[in-house]
J.: 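After the structure tokens below, expect a handful of questions from me.
Counting convention: from 1, in listed order, for ligands and their atoms alike.
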Amino acid sequence: MTSAAPPADTLANALSRIRPDVRAMHSYVVQPSTGMLKMDAMENPFTLPEALQAALGPRLGALALNRYPGARQNDLRAALKAYAGAPTDYDVVLGNGSDELITLLALACAQPGTGHRATMLAPMPGFVMYPMSAQLQGLDFVGVPLTPDFELDEPAMLAAIAQHQPAITYIAYPNNPTATLWDEGAVQRIIDAVGAQGGIVAVDEAYQPFASRTWLTRMQAEPARNAHVLLMRTLSKFGLAGVRLGYMLGQPALVAEIDKVRPPYNVSVLNCEAALFALEHADVFAAQAAELRAQRTVLIDALRAMPGIEKVWDSEANMVLVRVADAGKTYEGMKTRKVLIKNVSTMHPLLHNCLRLTVGNAQDNATMLAALQASL
Ligand SMILES: Cc1ncc(COP(=O)(O)O)c(C=O)c1O
């Protein structure tokens, strides 16, 4: 006997069960990049040196892929703590990229069914995943505009913290897409204000390999004052964007709560072993970061000398933000010339006519500059 054909509207009915705000959303767009020079996502341009490729292959091949990830994750947590130079009494939670940690933090702080909506606060323009995680996990999001030169508006931040009593305050240190590393004193006063009203601060150091300061120094100097701070890092900009490994350091009691909402096997045995391997060769990646920091200076100088570029901001990350006369036209012109950058001009009013360029190696930067000049 054959079962009856489903009614024609089953699919429509199924779709109607999806949250209206999710249905109204667009998926995160990864720009198609085949055949293009990819300068849109702050990836490290260097592939793994051949000797390291040869050593990593057998090591990954020999893993017990038939088993769920296990205690090896503890080795990685210890190695990350040592690499970061974190205080020994700090704990670490691992994420499938720091994107996942951003989701987990929102999930841990949301208050479903309590009649109270938790709030997330961040300076804007900032990283898009903060407001997205708030929306998806049911937190209110408060974006506090930066100054027109992308510095923290400290009075506005302090006022917003007092008014909204955020559960989570994000400080991207340095910030994406502006590449700014904000004043240490201002950041500490914001952290103090969040602490005084009983909130968590997530200091997101995705771009730490390219920055002149880390908040870890402040956490080590004044642990009690920064006890409510979670320091988020990733191996993506370090050189392993494809591996997907983020980590968050902080006081064990706070880290333990976030760990409760982490899917138990979120970091695969392959991610874990590749990350351990990379940390054993951290000197190779440190040399790459040093080269990129040097190339950043060359790139910024060239951009500042280029007619038609209206403004080039200083950078403490592997990206440079520029303002041009017509961002849409320049972006499309570069795309035609097979160079992919990020047009951030519609992300926030302060980013009017702004483009974000990744800092690459000397050759990639030269190709990008030539395409940019031709597209202005
Ligand atoms: C500020 C910031 N935080 C976090 C991330 C996420 O990094 P990942 O998920 O690759 O670890 C990014 C990625 O661009 C970022 O710019």
J.: Going by the atom numbers of ligand 1, which of them fall below 4.0 Å from some non-hydrogen atom of Y207?
T.: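 So the answer, numbered in order with elements, is 1 (C), 13 (C), 14 (O), 15 (C), 16 (O).
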J.: What protein heavy atom sits nearest atom 2 (C) of ligand 1, and how far away is it?
T.: D204 OD2, 3.4 Å
J.: Working to the nearest 0.5 angstrom, can you tell me the gap between E184 CD and R213 CZ?
T.: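 Interatomic distance, E184 CD to R213 CZ, rounded to 0.5 Å: 5.5 Å.
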J.: Do any N or O atoms from the side chain of N44 and from the backbone of F46 form a donor-acceptor pair under 3.5 angstrom?
T.: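 Flag set: sc N44 to bb F46 pair under 3.5 Å.
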J.: Which bit of R244 is near ligand 1, meaning a heavy atom under 4.0 Å away: side chain, backbone, both or neither?
T.: side chain
J.: Before you tell me yes or no, could you show the steps for I258 and V255 under side-chain contact (heavy atoms from CB on, under 4.5 Å), namely the whole-Å CA-CA distance, both residues' side-chain angles and the distance that decides it to 0.1 Å?
T.: CA-CA 5 Å; I258 314 302; V255 167; 5.7 Å; no
J.: Spell out, yes or no, whether I190 and L146 are grouped together once hydrophobic residues are joined by side-chain heavy atoms under 4.5 Å, including indirect joins.
T.: yes
J.: Does some non-hydrogen atom of E100 fall short of 4.0 Å from ligand 1?
T.: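 No, E100 has no heavy atoms under 4.0 Å from ligand 1.
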J.: Give the atoms of ligand 1, by number and element, whose distance to some non-hydrogen atom of G97 is under 4.0 Å.
T.: 9 (O), 11 (O)
J.: Measure the distance from atom 7 (O) of ligand 1 to every protein heavy atom, then report the residue, atom name and distance (to 0.1 Å) of the closest one.
T.: S98 OG, 3.2 Å
J.: Check the orientation of H281 and F277. Use parallel for under 30°, tilted for 30 to 60°, and perpendicular for over 60°.
T.: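 Rings of H281 and F277: tilted, 30 to 60°.
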J.: In terms of ring plane angle, is the pair W313 and F150 parallel, tilted or perpendicular, where the classes change at 30° and 60°?
T.: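 Taking F150 first and then W313, their aromatic rings sit tilted (interplane angle of 30° to 60°).
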J.: Looking at P166, is its backbone amide N or carbonyl O close enough to the side chain of T119 to form a donor-acceptor pair, meaning the two atoms are under 3.5 Å apart?
T.: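 No, T119 side chain to P166 backbone: no donor-acceptor pair under 3.5 Å.
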J.: Which protein heavy atom lies closest to atom 12 (C) of ligand 1, and at what distance to 0.1 Å?
T.: F127 CZ, 3.3 Å
J.: Taking only heavy atoms of K237 into account, list the atoms of ligand 1 that are under 4.0 Å away from them.
T.: 13 (C), 14 (O)
J.: For atom 10 (O) of ligand 1, which protein heavy atom lies nearest, and how many Å away is it?
T.: S236 OG, 2.6 Å
